[in-house]
Amino acid sequence: MARIDAADLLPAQRLRDAVADGEITQIHRGDRHADEGDTFVIDGNEYELVEVRERRLGELTDEDARAEGSPNLKAYKRRIEETHDTDWDDGSTAYLHDFEPVGGE
């Protein structure tokens with residue numbers, strides 16, 4: 001277990017703000033940025049990575065999209081395509097980083 005910099009996992013301030021507001025509880029990244037048990041701090045609150053694993057994009061669901069701050073999978077796909085200037089490929093992989101507040105907040 002290690003303490004990581006929240007900005008390494010959540011590079012945009014809007015992402016960190018959304019985590020602090022409880023709107024984001026997971027993020028998929030192209031590379032593994034942490035391990036299960038690692039922690040990070042946002043606004044004085046500590047979060048722990050409870051699951052980190054590789055997934056195919058085609059496995060993502062509306063529930064995943066909501067956990068990443070989008071209303072549904074269609075909106076999430078559109079956001080990813082616009083942010084990364086690429087087409088969505090169900091066969092591509094990304095790393096799920098699922099986290100929760102320490103202490104069950």
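Note that this is a predicted model, so its numbers are computed, not measured.
- Counting side-chain heavy-atom gaps under 4.5 Å among Ile, Leu, Val, Met, Phe, Trp and Tyr, the cluster of I80 also holds L57, L60, L73, Y76, W88.
- Under the salt bridge (Lys or Arg N to Asp or Glu O under 4.0 Å) criterion, the residue pairs touching residues 13-38 are R32-D35, with sequence neighbours excluded.
- Here R3 pairs with T39, E46 under the side chain to side chain donor-acceptor pair (under 3.5 Å) rule; sequence neighbours left out.
- Remark: E81 engages no residue in a side chain to side chain donor-acceptor pair (under 3.5 Å) (not counting sequence neighbours).
- With sequence neighbours left out, the side-chain contact (heavy atoms from CB on, under 4.5 Å) criterion links D5 to A7, D8.
- S70 and R79 share a side-chain donor-acceptor pair at under 3.5 Å.
- Scanning for side chain to side chain donor-acceptor pair (under 3.5 Å) contacts around T25 gives an empty result, with sequence neighbours left out.
- To the nearest 0.5 Å, atoms CG (D90) and CD (E59) are separated by 10.0 Å.
- Residues I24 and L49 share a single hydrophobic cluster, defined by chaining ILVMFWY side chains whose heavy atoms lie under 4.5 Å apart.
- Rounded to the nearest 0.5 Å, atoms CG (L10) and CD1 (I42) are 5.5 Å apart.
- Taking every heavy atom of both residues into account, H28 and A94 meet most closely at CB-CB, 4.1 Å.
- A search for side chain to side chain donor-acceptor pair (under 3.5 Å) contacts involving S92 returns D89, not counting sequence neighbours.
- Here the CG-NZ distance, from D87 to K77, works out to 11.5 Å after rounding to the nearest 0.5 Å.
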Inset, instruction - Evaluate side chain to side chain contact (heavy atoms under 4.5 Å, CB included) for I27 paired with L15, printing each intermediate quantity in order. - result: CA-CA 9 Å; I27 189 167; L15 294 174; 3.9 Å; yes
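- R53 CZ to Y95 OH: the interatomic distance, rounded to the nearest 0.5 Å, is 12.0 Å.
- Each salt bridge (Lys or Arg N to Asp or Glu O under 4.0 Å) pair with one or both residues in residues 62-75, not counting sequence neighbours, appears once here: R55-D64.
- With sequence neighbours excluded, the residues satisfying ring pair (Phe, Tyr, Trp, His ring centres under 6.0 Å) with F99 are F40.
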